[in-house]
Amino acid sequence: MRSRKKILDATLELIRSDGFDGVTIAAVAQAAGVTRQTVYSIFGSREELVSQAIAGLAVEVVGGIRSRLDATDTPFELVVELVVASRAAVHADPVLAALLQAVQGNPLFDAGMMRRAKPVARELLSPLVDRYPDTQSYLDDIVEILVRLGLSVIMFDDEAVHADDDLRRFLTRWLLPAMPFGS
């Protein structure tokens, strides 16, 4: 487990310093002080390594996001605030902000991204089900729409939804009618 953490930390540091292009198995192994074979045996591929490093960072960021979710009063407000808080977290962290650049090696642009993003979204949505157990039956649909919409909001930020309150109004207009549990 110690090698795994060293490898993940080295991967994040390489993304911070060199972007996704700087993350190679050889560079990560050297930065972590392990062999390339160790990296391959733990992660299998560069894509899986980068994705797990990003997912681990996202889980760390969840603490700040969860405090914002605690202030919501309805299931709908929780989902909206999750999108708003997630966008703020991505913009605030240099590694997560690197996800906004359409460069080769960015895990947002590879074929397995949705498969890897859904468990992270489920983890982020755990307060929803904890606080509102009736939402459990809709969780798969909520995860699907949240991942797709959340990525769109984060990747294609513009003036119409740049401010948090503008984003909340936009999400309310479009999500509230689509959510079976409403407000």
Side-chain angles (χ1 to χ4, degrees), residues 8 12 15-16 19-20 47-48 50-103 106-183:
L8 290 172
L12 292 173
I15 294 169
R16 271 186 202 96
F20 291 105
E47 291 74 22
E48 193 62 29
V50 170
S51 293
Q52 286 190 33
I54 296 292
L57 177 59
V59 169
E60 286 178 25
V61 171
V62 166
I65 292 172
R66 285 219 171 134
S67 66
R68 288 177 68 168
L69 301 182
D70 289 343
T72 62
D73 295 322
T74 67
F76 174 74
E77 287 176 5
L78 190 147
V79 170
V80 168
E81 196 59 32
L82 178 58
V83 174
V84 173
S86 295
R87 179 180 71 172
V90 167
H91 286 277
D93 186 283
V95 172
L96 295 177
L99 293 171
L100 302 176
Q101 301 170 12
V103 296
N106 184 331
L108 285 183
F109 298 100
D110 81 47
M113 189 283 303
M114 287 297 290
R115 174 183 50 79
R116 290 187 304 273
K118 288 178 183 179
V120 174
R122 268 188 186 286
E123 173 63 26
L124 289 169
L125 284 166
S126 63
L128 176 71
V129 176
D130 292 346
R131 288 175 58 189
Y132 310 102
D134 293 347
T135 61
Q136 177 66 48
S137 61
Y138 303 105
L139 189 58
D140 289 340
D141 290 338
I142 295 168
V143 165
E144 187 76 29
I145 193 74
L146 190 66
V147 169
R148 293 177 186 279
L149 179 62
L151 288 171
S152 175
V153 165
I154 291 167
M155 296 295 294
F156 304 111
D157 194 17
D158 70 7
E159 290 179 24
V161 295
H162 188 69
D164 288 353
D165 286 340
D166 293 336
L167 178 57
R168 284 185 191 94
R169 281 189 289 277
F170 171 81
L171 293 170
T172 298
R173 258 192 332 271
W174 292 101
L175 285 181
L176 187 58
M179 295 195 136
F181 48 81
S183 57

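Quick caveat: nothing in here was measured; it's all calculated off a predicted structure.
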- Does any pair with a residue in residues 82-91 pass salt bridge (Lys or Arg N to Asp or Glu O under 4.0 Å), and if so which ones, sequence neighbours excluded? Arg87-Asp157, Arg87-Asp164
- Query: Considering all heavy atoms of both residues, which atom of Phe20 and which atom of Ala98 are nearest to each other, and what is their separation?
  - Reply: CE1-O, 3.3 Å
- Heavy-atom pair of closest approach, residues Gln52 and Leu8: C-CD2, 4.1 Å
- Item | Point-to-point distance, once rounded to the nearest 0.5 Å, from CG of Leu167 to OG1 of Thr172 | 9.0 Å
- Task: Can you measure from OG (Ser126) to CZ (Arg131) and round to the nearest 0.5 angstrom?
- Result: 11.5 Å
Which pairs would a plain distance check flag for residues 142-151, meaning a side-chain donor or acceptor within less than 3.5 Å of a matching protein atom at least two apart in sequence or in another chain?
| residue | atom | partner | partner atom | Å |
| --- | --- | --- | --- | --- |
| Glu144 | OE1 | Lys118 | NZ | 2.6 |
| Glu144 | OE2 | Arg148 | NE | 2.7 |
| Glu144 | OE2 | Arg148 | NH2 | 2.8 |

- How would you list, by chain and number, every residue that makes a side chain to side chain contact (heavy atoms under 4.5 Å, CB included) with Ala88, sequence neighbours excluded? Arg68
- Message: Let me confirm one number: the CG-CD distance from Leu176 to Glu77, rounded to the nearest 0.5 Å.
- Response: 10.0 Å
- Query: What distance separates Leu124 CG from Leu78 CG, expressed to the nearest 0.5 Å?
  - Reply: 10.5 Å
- Task: With sequence neighbours left out, write down each residue that passes side chain to side chain contact (heavy atoms under 4.5 Å, CB included) with Ser51, or none if nothing qualifies.
- Result: Pro107, Arg116
- Task: Would you check, one step at a time, whether the test side chain to side chain contact (heavy atoms under 4.5 Å, CB included) holds for Leu171 with Val84?
- Result: CA-CA 9 Å; Leu171 293 170; Val84 173; 4.3 Å; yes
- Message: I need the minimum non-hydrogen distance between Val161 and Phe170, along with the two atoms involved.
- Response: CG1-CB, 3.7 Å
- Item | Close side-chain approach of Leu125 to Thr135, heavy-atom, < 4.5 Å | no
- Task: Hey, could you give me the CG/CD distance between Asp70 and Glu81, rounded to the nearest 0.5 Å?
- Result: 11.0 Å
- Query: Listed by chain and number, what are the side chain to side chain contact (heavy atoms under 4.5 Å, CB included) partners of Asp166, not counting sequence neighbours?
  - Reply: Ala163, Arg169
- Task: Check side chain to side chain contact (heavy atoms under 4.5 Å, CB included) between Val95 and all other residues, then give those that pass, not counting sequence neighbours.
- Result: Leu12, Ile15, Arg16, Ile54, Leu57, Asp93
